[in-house]
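Below is one structure, written out as structure tokens, with a few remarks after it.
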Amino acid sequence: MSECIRGTKDENDKPIEIPSEDDGTVLPSTITAQFLGACGLSSRSPVSQCMRGIWLVEGILHAPEAGWGNLVYVTDASSPVKAKRAVQKTSDLIVLGLPWKTTEQDLREYFSTFGEVLMVQVKTDLKTGHSEGFGFVRFTEYETQVKVMSWRHMIDAPRCDRKLPNSKQSPDEPLRSRKVFVGRCTEDMTYGEVADVFIPRPFRAFAFVTFADDQVAQSLCGEDLIIKGISVHTANDEPKHNSNRQKEVEELTGGNSDFSKYMVSML
DNA sequence: GTTGAGCGTT
């Protein structure tokens with residue numbers, strides 16, 4: 001049953017009515033349509049007088065247990081960072097692990113299947129003119145960039161990683177990684193529902209697993225899991241940068257209930 | 001046997 005929720009940008013302002021969906025949830029786009037740059041809600045608890053955020057699951061705002069009620073919901077302020085994120089521009093992606101023989105034409109052909117390509121480069125040694133095994137690609141549409149970033153690619157070779165170049169990593173926005181470090185694994189473990197797996201050869205008892213979903217990946221981080229009698233350790237793929245972020249996300253995702261669905265089974 | 005491997009001549 002659809003209803004109207006009282007929302008405002010400032011608690012002292014007169015609230016305006018925000019329509020909910022038929023199932024009682026609210027879409028962030030509905031919020032954004034009324035309050036530029038905002039996409040979340042919180043309300044002041046009549047009991048504790050504290051502001052409480054509204055639960056956001058897979059991009060949808062869910063009513064509190066007691067329903068939306070007659071409370072006034074305050075939209076989240078649009079911080080400069082969020083405002084910047086709304087306009088997603090494409091950037092060059094570095095493509096690593098290219099075979100020596102791969103040419104710019106090969107790269108363009110390959111990436112054109114995902115969307116319009118603005119530019120490709122294969123970096124070559126100035127003296128010898130031969131490929132250095134990496135290059136860059138730039139797409140017209142940010143959508144295409146996201147698509148290409150999401151999955152493992154094979155360009156005349158078993159694996160070609162692509163990611164934002166070091167020069168383009170923004171320190172205020174560490175991408176929530178879909179990749180997890182798996183320690184103490186055994187060689188015969190297999191991984192389900194994943195985008196990529198990296199196992200060092202020769203085998204060294206750890207692996208990197210990239211999941212299709214960053215929420216799943218993050219919910220696994222930091223867990224010690226028993227799988228078929230073997231204790232497996234999972235952690236963030238690059239522990240040095242984002243331990244705080246990781247804790248935050250762990251609290252939000254509330255443990256590893258999805259684990260059995262997604263992770264490891266023994267052969 | 002608990003953190004791979006690579007980063008842009010103009």
Side-chain angles (χ1 to χ4, degrees), chain A residues 89-104 106-108 110-111 117-139 145 148-149 151-171 174-189 191 194-211 214 217-218 220-247 249-250 256 259 263-264:
Chain A
K89 298 189 69 182
T90 63
S91 54
D92 293 359
L93 297 179
I94 189 164
V95 186
L96 296 154
L98 287 176
W100 308 122
K101 59 169 190 169
T102 302
T103 64
E104 291 188 348
D106 295 336
L107 267 197
R108 181 176 287 277
Y110 175 80
F111 282 119
V117 171
L118 274 184
M119 175 241 36
V120 289
Q121 291 180 325
V122 169
K123 290 299 165 187
T124 54
D125 185 293
L126 285 181
K127 279 170 252 166
T128 68
H130 97 280
S131 164
E132 296 192 278
F134 73 95
F136 293 87
V137 61
R138 178 78 164 264
F139 294 99
Q145 173 169 331
V148 163
M149 288 283 282
W151 293 96
R152 176 168 169 178
H153 295 263
M154 289 185 269
I155 308 166
D156 310 325
R159 55 180 308 115
C160 291
D161 282 352
R162 64 289 124 216
K163 55 184 188 179
L164 288 174
N166 290 341
S167 57
K168 296 283 166 47
Q169 300 276 10
S170 61
L175 287 179
R176 222 167 42 174
S177 180
R178 296 178 297 115
K179 189 154 65 173
V180 174
F181 165 75
V182 183
R184 286 199 311 264
C185 60
T186 58
E187 203 165 4
D188 55 355
M189 282 181 180
Y191 307 83
V194 299
D196 191 21
V197 179
F198 181 93
I199 301 171
R201 298 290 175 196
F203 186 65
R204 290 205 277 146
F206 67 86
F208 291 92
V209 178
T210 307
F211 288 85
D214 64 344
Q218 293 293 331
L220 298 180
C221 279
E223 304 283 341
D224 272 317
L225 302 145
I226 311 274
I227 295 147
K228 304 265 173 159
I230 293 162
S231 169
V232 170
H233 175 69
T234 61
N236 205 286
D237 62 329
E238 274 160 38
K240 42 193 165 175
H241 296 307
N242 38 10
S243 51
N244 286 335
R245 179 86 197 184
Q246 190 179 318
K247 281 207 189 79
V249 175
E250 269 169 33
N256 65 339
F259 183 78
M263 184 88 169
V264 184

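FYI, side chains are in, hydrogens and waters are out, and symmetry mates aren't considered; it's all heavy atoms of this structure.
- Within 3.5 Å, a donor on the side chain of Asp161(A) pairs with an acceptor on the base of dG6(B), or the reverse.
- Under the 6.0 Å cut-off for aromatic ring centres, His233(A) and Phe206(A) do not qualify, their centroids lying 6.0 Å or more apart.
- Spacing between atom CZ of Phe181(A) and atom P of dG1(B) amounts to 14 Å, rounded to whole angstrom units.
- Counting heavy atoms from C-beta on, the side chains of Asp106(A) and Tyr110(A) never come closer than 4.5 Å.
- Proximity of residues 198-205 of chain A to DNA chain B (heavy atom under 4.0 angstrom from any strand atom) is restricted to Phe198(A), Phe203(A), Arg204(A), Ala205(A).
- At a threshold of 4.5 Å between non-hydrogen side-chain atoms, the residues Ile94(A) and Arg162(A) do not count as touching.
- Side-chain N/O atoms of Lys123(A) include one lying less than 4.0 angstrom from OP1 or OP2 on dT9(B).
- Checked by atom type, the side-chain pair Ser231(A)/Asp224(A) shows no donor-acceptor distance below 3.5 Å.
- Heavy-atom distances under 4.0 Å link DNA chain B to Asp92(A), Ile94(A), Leu96(A), Gly97(A) of residues 92-101 of chain A, given in residue order.
- Computed from coordinates, the Leu164(A) CG to dG8(B) P distance equals 15 Å when rounded to whole Å.
- Checking side-chain atoms of Arg138(A) against main-chain N and O of Leu93(A) turns up no donor-acceptor pair under 3.5 Å.
- Protein atom CG of Asn166(A) is 8 Å distant from nucleotide atom P of dG8(B), rounded to whole Å.
- Using a 4.5 Å cut-off on side-chain heavy atoms (C-beta onward), Leu220(A) and Phe211(A) make contact.
- For the atom pair Arg152(A) CZ and Arg159(A) CZ, the distance stands at 5.0 Å (nearest 0.5 Å).
- If you measure from atom CZ of Arg162(A) to atom P of dG6(B), you get 18 Å, rounded to the nearest angstrom.
- Phe206(A) comes within contact range of the sugar-phosphate backbone alone, with a heavy-atom separation under 4.0 Å but no base atom that close.
- A straight line from CZ of Phe208(A) to P of dG6(B) spans 14 Å, rounded to a whole angstrom.
- The side chain of Pro165(A) approaches dG8(B) more closely than any other nucleotide in the set dT9(B), dG4(B), dG8(B).
- As a whole-Å value, the separation of Lys179(A) NZ from dA5(B) P is 12 Å.
- As a whole-Å value, the separation of Asp237(A) CG from dT3(B) C1' is 9 Å.
- The interatomic distance linking Ile230(A) (CD1) with dG1(B) (P) rounds to 13 Å, in whole Å.
- When each of Asp237(A), Asp196(A), Val194(A) is paired with Val209(A), the side chain to side chain contact (heavy atoms under 4.5 Å, CB included) condition holds for Val194(A) and for no other.
- Taking 90° from 0 as the syn/anti boundary, the base of dG6(B) is oriented anti.
- For Glu187(A) and Arg201(A), the salt-bridge test passes: some basic side-chain N is under 4.0 Å from an acidic carboxylate O.
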